[in-house]
Protein chains: 4
Amino acid sequence: MKQNTRQQNKAETRRLLLRAGLDLFLEQGFEKTNAVEIASKAEVAVGTLYLHFGDKAGLLQEVLLQGALDLHERVMKVYIDPPGDPYTLARAHVETIVQFLEENQKEGRFLLEYASRRDSAITSVLDKIVKQIELSVESGVKMGVYRADINPALAARAEASMNLGLLAWWIQDPGRATREEIIETLTKFRASGLHSQTKHDYT
Amino acid sequence: MKQNTRQQNKAETRRLLLRAGLDLFLEQGFEKTNAVEIASKAEVAVGTLYLHFGDKAGLLQEVLLQGALDLHERVMKVYIDPPGDPYTLARAHVETIVQFLEENQKEGRFLLEYASRRDSAITSVLDKIVKQIELSVESGVKMGVYRADINPALAARAEASMNLGLLAWWIQDPGRATREEIIETLTKFRASGLHSQTKHDYT
Amino acid sequence: MKQNTRQQNKAETRRLLLRAGLDLFLEQGFEKTNAVEIASKAEVAVGTLYLHFGDKAGLLQEVLLQGALDLHERVMKVYIDPPGDPYTLARAHVETIVQFLEENQKEGRFLLEYASRRDSAITSVLDKIVKQIELSVESGVKMGVYRADINPALAARAEASMNLGLLAWWIQDPGRATREEIIETLTKFRASGLHSQTKHDYT
Amino acid sequence: MKQNTRQQNKAETRRLLLRAGLDLFLEQGFEKTNAVEIASKAEVAVGTLYLHFGDKAGLLQEVLLQGALDLHERVMKVYIDPPGDPYTLARAHVETIVQFLEENQKEGRFLLEYASRRDSAITSVLDKIVKQIELSVESGVKMGVYRADINPALAARAEASMNLGLLAWWIQDPGRATREEIIETLTKFRASGLHSQTKHDYT
DNA sequence: GATGAATGAGGATTCATTCAT
DNA sequence: GATGAATGAATCCTCATTCAT
């Protein structure tokens, strides 16, 4: 029992540090946030931060990983029992991300901010999401609803980039567009960019 | 004459510093690169860096600005006498960027790396490019070749994000796809994402 | 019985800590070895180290003292019933030390390493050994087998230094000389350095 | 000319740091002396220490090397035009060291203190001195004034250890013996330890 | 007796920037 | 304009030690 309390306290301390790190990294960026500040915000000693995460970068990785996993989990739910219709799937995918961003403003902003950084813990999670999109594109192509002349890996990457980029821009100042406009825009691009059609449509 | 030589030397020194800064920022990132290192690589004294750029951030701004302006100039050329057909325009836009990246690998990689940073000098240049895309979208809508139910500002931003994101990913390891595949993918998304079509197409 | 077991466990824990301390101090030096590391190597909690030895320095003292006492005990045995002949005594003294070093490589190396440190617990033990040598020198002088024009205290100190220094050097890389060569060298210096002889011998 | 002044100032700064380091390391030991303290004593900023020596250990090495080279130079002078008689050579060698210690109390004490530390810059210089003694022993053996049954390398090492050890002990409290007693003791050991004589002398 | 998470003062090192030459 | 030695505030990280369990 006692041991259990100790475990709980340790976990609680860890949680406090993760939250403090998230807040400060988001506010000021990783480089401008210093270790004492984080510890102080978490109301623990600096040493405790190093005890739990090894170094400041270790804390960043964990913060990032935590957020990325949360988002990943959400997005994956859409694919567990996916709507057959690509447009609906595209919309569900986009809506889930927007939903997540609205519920977890800080985590979301932070993730978007660091998603493009090299060597961040996010990269691998991002890759997984892209892979998932790729699979759904492939199945769409097989089913004949998506154009065959497309490279699913590239299309998936392009789409993820578009989502991330537009959302990062939007979330920095949500007054720039309504939630619905954002969802619409992204959905249209996705759905139609993949849909079968011929070039002569444009001439 | 002597004056002229001095001018030339000054410009040359500036060029050396910009190049050294670009190389090191790209290799190690801005924060991990220090002023003495840059000066040393440029084979001048640290003081000289401060003479030319005020401070380290000043050098970064100039490096970024230089690259962004070069890219911007290139992209703008496409819009001076644009092809009427949206698909061709989209392709020309994308091709120009890819071309630039291949000719200026380092500058390109660096720009893409910093494009998503808040407060970077690049942001304003990026905004200009986005604005240009927005105008072309608007004109496409007016001409009736683009769907009317689209927010040109958002579409432009979405497209720019997609370009940047996919290209950043590609340029980190060009073996991931051929140049042509990249151009194709981006062009298709752009052209079709904007083209008139109705939702029932997908049902 | 249970009490007995507890006693045994306590003694065992102490032994584990002493050994872990010895190993790590020898490998990395006292300053670069930290308490958690020692405890971890001994497979006990840090607190336990403090329970047994008060502080890190306390452990060092005990490690040193233990080794020094072991060595002292050995050396003293030679003087309990000493051979009358100075050469044989000198040889027996030297051989005992070499023997000890070979049997307790780690302890030995450690002792030699710290013997010259100021303020180490070893100093007092070393002083005792030197005193013992001094007594034997004095008795030799009285017996007329050692030259009278010598300061026994200094001679004893000189000899102890020589022993320690050469042995420390040897033990760091035993390939440098055979065991017998070391013993021979030290014995000769001792025996003859003290033996009566007149300066004109050398002219 | 200006450049020259700059050079001189730099050298002066270096000298100040070396002296401050020597003083403090001697007083408190390397580990207990901190960088700010050294810089402060040298009346420069901490950064300057790092500019000149890379790190704290770098300063220690230089201090040690400087002292060792000074001593080495002195000792070597004895061997440039050595007295043919071994006793006189032995005495000259010992006297030179004692002389040096008296003239450079601090450097001397410091050298002796650190001579036995592993991996100190001193080791290589000490090895050179030992090598020199070895050569003189070898030549003594060839000339027939030293016993043939001795390993010159070991004898040289033994003697150097003896010198260092006794001197280190003496210099810590010079009241323990007169200068003359020290010289006498070391000279006798050296001269007689090496001189030809047979074991049966002692039986 | 034993545990090990937490502490926080202390120390090493960095590096943007200055300024006398 | 150019130089580069010097600066010192800022920051990262360590680790001996404690104490509630």
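Chain letters run A, B, ... following the sequence lines, proteins first and then strands; every chain starts at 1.
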**OP:** Give the intermediate values and the outcome of side chain to side chain contact (heavy atoms under 4.5 Å, CB included) for residues D:V63 and D:F30.
**Re:** CA-CA 11 Å; D:V63 169; D:F30 176 71; over 6 Å; no
Original post:
Nearest-Å distance, NZ (D:K10) to C1' (E:dA20)?
Top reply: 16 Å
Original post:
Quick one: is E:dA6 close enough that its OP1 or OP2 comes under 4.0 Å of any side-chain N or O from A:H52?
Top reply: yes
Original post:
Roughly, in whole Å, what's the span from CG in D:N9 to C1' in F:dT3?
Top reply: 15 Å
Original post:
Which pairs pass salt bridge (charged side-chain N to carboxylate O under 4.0 Å, His left out) with one or both residues in residues 51-69 of chain B, sequence neighbours excluded?
Top reply: B:R14-B:E62
Original post:
Tell me, what's DNA chain E's dot-bracket, Watson-Crick or G-U with both distances under 3.5 Å, | for other-strand, [ ] crossing?
Top reply: .||||||||||||||||||||
Subject >> Distance (rounded to the nearest 0.5 Å) between A:L22 CG and A:E27 CD >> reply: 10.0 Å
Original post:
For the pair made of CD in A:Q8 and P in E:dA6, what is the distance, rounded to whole Å?
Top reply: 13 Å
**OP:** Flag the pair C:L112 / C:I171 as yes when at least one side-chain heavy-atom distance between them is below 4.5 Å, and no otherwise.
**Re:** yes
Subject >> Euclidean distance, atom CG of residue C:L24 to atom C1' of F:dC15 [Å, nearest integer] >> reply: 15 Å
Original post:
Tell me the salt bridge (charged side-chain N to carboxylate O under 4.0 Å, His left out) pairs involving residues 44-53 of chain D, sequence neighbours left out?
Top reply: none
**OP:** Considering only atom P, compute the distance from E:dG1 to F:dT21 and round it to an integer number of Å.
**Re:** 22 Å
**OP:** Please name all residues satisfying side chain to side chain donor-acceptor pair (under 3.5 Å) with B:D23, sequence neighbours left out, ordered by chain then number.
**Re:** B:K106
**OP:** Could you pick out which residue, D:N34 or B:K56, lies toward the 5' side of DNA chain E when each is mapped onto its nearest nucleotide?
**Re:** D:N34
**OP:** In whole angstrom, give the distance that lies between atom CD of A:Q28 and atom C1' of F:dA10.
**Re:** 14 Å
Subject >> Whole-Å distance separating the NZ atom of A:K32 from the P atom of E:dA16 >> reply: 13 Å
Original post:
Do C:R19 and C:E107 have side chains that get closer than 4.5 Å, going by heavy atoms?
Top reply: yes
Original post:
How long is the line joining CZ of D:F30 and P of E:dA12, in whole Å?
Top reply: 8 Å
Subject >> Close side-chain approach of D:L59 and D:F25, heavy atoms under 4.5 Å >> reply: yes
Subject >> Neighbours of DNA chain F within residues 35-51 of chain C, by heavy-atom distance under 4.0 Å >> reply: C:A35, C:V46, C:Y50
Could you list the donor-acceptor pairs under 3.5 angstrom formed between side-chain atoms of residues 35-54 of chain B and any protein atom two or more places apart in sequence or on another chain?
from  : atom 1 : to    : atom 2 : distance (Å)
B:E37 : OE1    : B:N34 : N      : 3.4
B:E37 : OE2    : B:Q28 : NE2    : 3.0
B:T48 : OG1    : B:A45 : O      : 3.3

Subject >> Given DNA chain F, 5'-ward residue of the pair C:D55 and A:E31, judged by closest heavy atom >> reply: A:E31
